[in-house]
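The figures that follow rest on heavy atoms only: side chains count, while hydrogens, waters and symmetry mates do not. Every value quoted in this text rests on a predicted model; they were computed, and no experiment measured them. Note that ligands are numbered from 1 as they come in the structure, with each ligand's atoms numbered from 1 the same way. One-based numbering along the sequence shown.
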Amino acid sequence: MEQSVQTRRIDGKQLAADLRERLRQRVAEAQLSPTLATILVGDDPASAVYVRSKTRAARQIGIDVRDHHLPATTSQDELHALLTRLNEDPEINGILLQLPLPAGLDEEALLDTIAPEKDVDGFHPVNLGLLLRGRPGLRPCTPAGCMDLIHHTGTSVSGKHAVVVGRSNIVGKPVALMLLAEHATVTICHSRTPDLPDQVRAADIVVAAAGRPNMIQGDWIKPGAIVIDVGINRLDDGSLVGDVDFDAAQGRAAWITPVPGGVGPMTIAHLMQNTVEAFCRQTSSG
Ligand code: NDP
């Protein structure tokens, strides 16, 4: 019989609060004046909540926010024109286009329109290319947050076997590149991976980003593994759960992030960090 492991929870809420406080101090002490433009198209309630919490976090740090709330009927050309205007506006340091956009709008084309130096989400092909090449650039926020959470455990990533479940451009692929850059041996799994449980069983570090409630079972987790749960899934009863069966992971994982209160707050904190970084690079300050 396998020995039970003491499972510790990684408090993403606290780590994110610490990062935001460091940013607040940096902005105040160096008298930085970063400005973030947010764009919300339509009335999706979840997107509105996300933009509100990003705006609140920004203002607490001392980042000025210019909110653009546009109707769901906004055309591709109108959005393109707004992005171009914000790209050219020297007072704007970061541009956040809240996704998903209403049906009919080409998200990828619009994300590509954002100037790479103002792309605080880190989704632009130039920034993803810089990540691939291991060069400085604005990093995608959720993957960067996952790495912070792993670092917080005090475990070196080098030489570990990391298994990433999910291969999206915003989470799975970039987090795999970040783990690789820190010398993990990385396996990326997706919906066509035939033996997912066995892949996960081999992992010292699991990053779950599939968007499937409680998919990763307790007995898939190698005793002593670090488990980072990116998934945010709303159940019929309104509760939020991750991709990992959190209760079943107790006694197996050495470290695990909760949902909510794990990766989510880190994503917002990294958006703030990118905005301050973007300002410093554009103004050669800070
Ligand atoms: P996507 O839907 O873009 O990607 C999901 C990935 O998971 C795909 O690569 C898909 O494979 C894979 N997948 C789906 N089902 C399975 C399965 N049964 N077995 C193995 N792989 C599977 O999602 P995102 O990357 O955008 O988001 C993933 C999750 O993370 C969601 O729950 C989302 O809400 C959450 N999220 C949380 C954030 C945070 O701040 N905490 C930020 C961003 C996302 P395939 O490519 O083959 O289809």
- Does some non-hydrogen atom of the protein lie less than 4.0 angstrom from atom 19 (N) of ligand 1?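 Answer yes: something from the protein, a heavy atom, is under 4.0 Å.
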Distance (rounded to the nearest 0.5 Å) between [X] [atom1] and [Y] [atom2]:
X: E117; Y: N93; atom1: CD; atom2: CG; answer: 10.5 Å
X: T267; Y: K54; atom1: OG1; atom2: NZ; answer: 8.5 Å
X: L36; Y: M272; atom1: CG; atom2: CE; answer: 6.0 Å

Which of the atoms in ligand 1, numbered in the order shown and given with their element, are less than 4.0 Å from a heavy-atom of [X]?
X: L196; value: 19 (N), 20 (C)
X: G264; value: 40 (O), 41 (N)
X: T267; value: 39 (C), 40 (O)
X: A209; value: 5 (C), 6 (C), 7 (O), 28 (C)
X: G166; value: 6 (C), 7 (O), 9 (O), 12 (C)
X: I170; value: 26 (O)

- Query: Which is closest to atom 29 (C) of ligand 1 in terms of heavy atoms, A208, G12, P140, G211?
  - Reply: G211
- Task: Counting heavy atoms only, name the option from P100, G231, C146, S168 that's nearest to atom 3 (O) of ligand 1.
- Result: S168
Could you see which bit of [X] sits under 4.0 Å from ligand 1, with heavy atoms only: side chain, backbone, both or neither?
X: V230; result: both
X: R212; result: side chain
X: M215; result: side chain
X: I232; result: both

- When distances are taken from atom 2 (O) of ligand 1, the protein heavy atom at minimum range is A210 O, 4.8 Å
- Task: Specify the protein heavy atom at minimum distance from atom 44 (C) of ligand 1: its residue, its atom name, and the distance to 0.1 Å.
- Result: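 So the nearest neighbour among protein heavy atoms is V171 CG2, 4.0 Å.
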May I ask you to decide if [Y]'s main-chain N or O and [X]'s side chain share a donor-acceptor pair within less than 3.5 Å?
X: Q273; Y: A269; answer: no
X: T283; Y: F279; answer: yes
X: D229; Y: T257; answer: no

- Task: Applying side chain to side chain donor-acceptor pair (under 3.5 Å) between D18 and each of R22, Q14, R20, report the one that passes.
- Result: Q14
- Message: Looking at H80, I'd like to know if its NE2 atom is crowded, meaning that more than 12 non-hydrogen atoms belonging to other residues, nucleotides or ligands lie closer than 6.0 Å.
- Response: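 Not more than 12 within 6.0 Å, no.
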- Passes salt bridge (Lys or Arg N to Asp or Glu O under 4.0 Å), R139 versus E277? Steps please. CA-CA 11 Å; R139 300 295 193 233; E277 282 303 325; over 6 Å; no
- Message: Show, in sequence, the C-alpha distance, side-chain angles and deciding distance for K160 and E182, and conclude whether the salt bridge (Lys or Arg N to Asp or Glu O under 4.0 Å) test is met.
- Response: CA-CA 10 Å; K160 299 292 189 304; E182 293 191 21; over 6 Å; no
- Query: ligand 1 and D243, any nitrogen or oxygen pair closer than 3.5 angstrom?
  - Reply: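 No: no nitrogen or oxygen of D243 is under 3.5 Å from one in ligand 1.
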- Message: Under 3.5 Å between any N/O of R192 and any N/O of ligand 1: does that happen in this structure?
- Response: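 N/O-N/O distance under 3.5 Å: no.
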